[in-house]
Amino acid sequence: VRFTVDRYSSRGWQVNAFFGLRTLEDSEVPSETFRDAGLTVRRTYGKLEVISTLTRSDAERGSVESTDRLEVRLIRRFF
């Protein structure tokens, strides 16, 4: 399942938010669950573009958990 919301503004703003959930259940392998969520904000000032991204991911496979993966990116582009 993936849920995404996009918002665009005529003033140069673009916002994208998402949430995802994937599961695998099989009698032959351990069950897996993967969750991720994020927010991206993009702002354009003439020829300058500023992009901010915040994402978080969690994964489980059987009794093993991988949590607290947090990513923050700031990008500045010149055209």
Side-chain angles (χ1 to χ4, degrees):
V1 173
R2 186 134 182 119
F3 178 73
T4 303
V5 175
D6 295 314
R7 173 78 172 126
Y8 301 94
S9 166
S10 61
R11 295 184 179 157
W13 287 93
Q14 178 182 346
V15 178
N16 170 268
F18 67 90
F19 173 78
L21 174 65
R22 291 181 286 176
T23 60
L24 170 66
E25 294 183 15
D26 189 327
S27 61
E28 300 293 319
V29 296
S31 296
E32 291 185 20
T33 302
F34 182 77
R35 292 176 294 276
D36 63 334
L39 176 70
T40 300
V41 178
R42 178 176 292 165
R43 176 72 165 116
T44 304
Y45 301 95
K47 292 186 174 185
L48 174 66
E49 183 178 45
V50 179
I51 304 168
S52 310
T53 302
L54 175 66
T55 59
R56 184 168 195 271
S57 301
D58 295 328
E60 297 174 17
R61 183 172 189 182
S63 62
V64 178
E65 269 188 55
S66 172
T67 59
D68 299 331
R69 178 174 175 236
L70 182 64
E71 179 181 343
V72 178
R73 293 187 301 162
L74 297 173
I75 300 170
R76 181 182 61 183
R77 293 184 186 175
F78 297 96
F79 296 93

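Being a predicted model, the structure only gives us computed values, none of them experimental.
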Minimum side-chain heavy-atom gap [X]-[Y] below 4.5 Å:
{"X": "F18", "Y": "T55", "result": "yes"}
{"X": "R2", "Y": "D36", "result": "yes"}
{"X": "R56", "Y": "D58", "result": "yes"}

Nearest heavy-atom pair of E28 and D26: which atoms, and what distance? N-OD1, 2.9 Å
Going from [atom1] on [X] to [atom2] on [Y], what distance comes out if it is rounded to the nearest 0.5 angstrom?
{"X": "L39", "Y": "N16", "atom1": "CG", "atom2": "CG", "result": "7.5 Å"}
{"X": "E60", "Y": "L24", "atom1": "CD", "atom2": "CG", "result": "13.0 Å"}
{"X": "L21", "Y": "R35", "atom1": "CG", "atom2": "CZ", "result": "7.0 Å"}

Hydrophobic clustering (ILVMFWY, side-chain heavy atoms < 4.5 Å, transitive) - are W13 and L48 grouped together?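 Per the 4.5 Å side-chain linkage, L48 and W13 are not co-clustered.
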For R11, is there any backbone N or O sitting under 3.5 Å from a side-chain donor or acceptor partner on R43? yes
